[in-house]
Asks: 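First, the structure itself, so that you have it in front of you.
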Amino acid sequence: MQIIQAATTAAPDRARPEDNEDAFRVGPDWALVLDGAGRYPGVTGGCVHPITWIVTRLAHHIGQQLATDEPVTAVLHTAINATMADHGPECDLTDPLSPGATVAFVRARGEVVDWLVLGDCVAMIERLGAGCEAVIDDRVDQLDAPVVDTAVRTYDPAHVAQARNRPGGFWVAGAVPEAAEHALVGSADREDIARVMLCSDGVSRLIERYGWSWPNLLNLADRAGSQRVFRAIRQAEQADPDPRRWRGKRHDDATLVLARITENRP
Ligand SMILES: [Zn+2]
């Protein structure tokens, strides 16, 4: 597995670059992307830690587990447990709005490639000769909850509290290890996979909001690099005539990892 691109950029309206709530990590045969599942204004979620701390802890533990031979679901389950243990007694992890992160990771080991997606990070799997398949967990988009119209249009937190990490709702990696069992997982023969791209929703909005295709995005990242992709995102966001038609922020942190798995067959 060869990492071609791996980069993150904070939303331009963040006060400091280190407030970026996305993260990526890469290892010899794995890669991961995380996107902090943020707090609602005025809601602590029972936790004293910043989202960036939770994302960093999850990234560390998932990376450690990906270096084992554990199945991908067990990797995430164990990493959530370990992150919960890091919080300490001042955090109430039973709070239904306890902060967490959405996740996408891939591991190429032996003859097999495995991937996992939970929440709105995406894994784009390019099969040799068979095109792109985006692995997308859209359960949060299907939530039957009112959108509240404040500075940022979000779901009503009271409704999210009823649906988050609950059957029939949506799942994030945070304070409920069972969320791992609800992740989207897949695997393929290594020799059938050309490239894999992991990204946060700050990148996939090029497709979801701005009419790009996955092959367009993949090829731009491969040929021109992640910084060129990030410029395209900011240009599209700036040119958006009505950003408040979307749930969520005008700008978001953006992260992508692009890995080559198998070279084209001769
Ligand atoms: Zn905490």
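These figures come from a predicted structure and were not determined experimentally. Order of listing sets the numbers, starting from 1, for every ligand and every atom in it.
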Asks: Output yes when Glu237 and Arg209 qualify as a salt bridge under the 4.0 Å nitrogen-oxygen rule, no when they do not.
Replies: no
Asks: Do any pairs count as a salt bridge (Lys or Arg N to Asp or Glu O under 4.0 Å) and have a residue in residues 81-104, sequence neighbours left out, and if so which ones?
Replies: Arg57-Asp86
Asks: Does the pair Asp22 and Thr255 meet the rule for a side-chain hydrogen bond (donor to acceptor under 3.5 Å, both in side chains), with working shown?
Replies: CA-CA 7 Å; Asp22 283 6; Thr255 303; 2.9 Å; yes
Asks: Between Thr9 and Asp253, is the side-chain hydrogen bond (donor to acceptor under 3.5 Å, both in side chains) condition met? List the steps.
Replies: CA-CA 6 Å; Thr9 186; Asp253 307 321; over 6 Å; no
Asks: Sort by chain and number the protein N/O/S atoms found under 2.8 Å from the Zn ion (ligand 1).
Replies: Cys47 SG, His49 ND1, His87 ND1, Cys91 SG
Asks: List the residues meeting side chain to side chain contact (heavy atoms under 4.5 Å, CB included) with Arg109, not counting sequence neighbours, and say none if there are none.
Replies: Asp29, Asp69, Arg107
Asks: Could you list all the ring pair (Phe, Tyr, Trp, His ring centres under 6.0 Å) pairs where at least one residue sits in residues 169-194, not counting sequence neighbours?
Replies: Trp171-His182
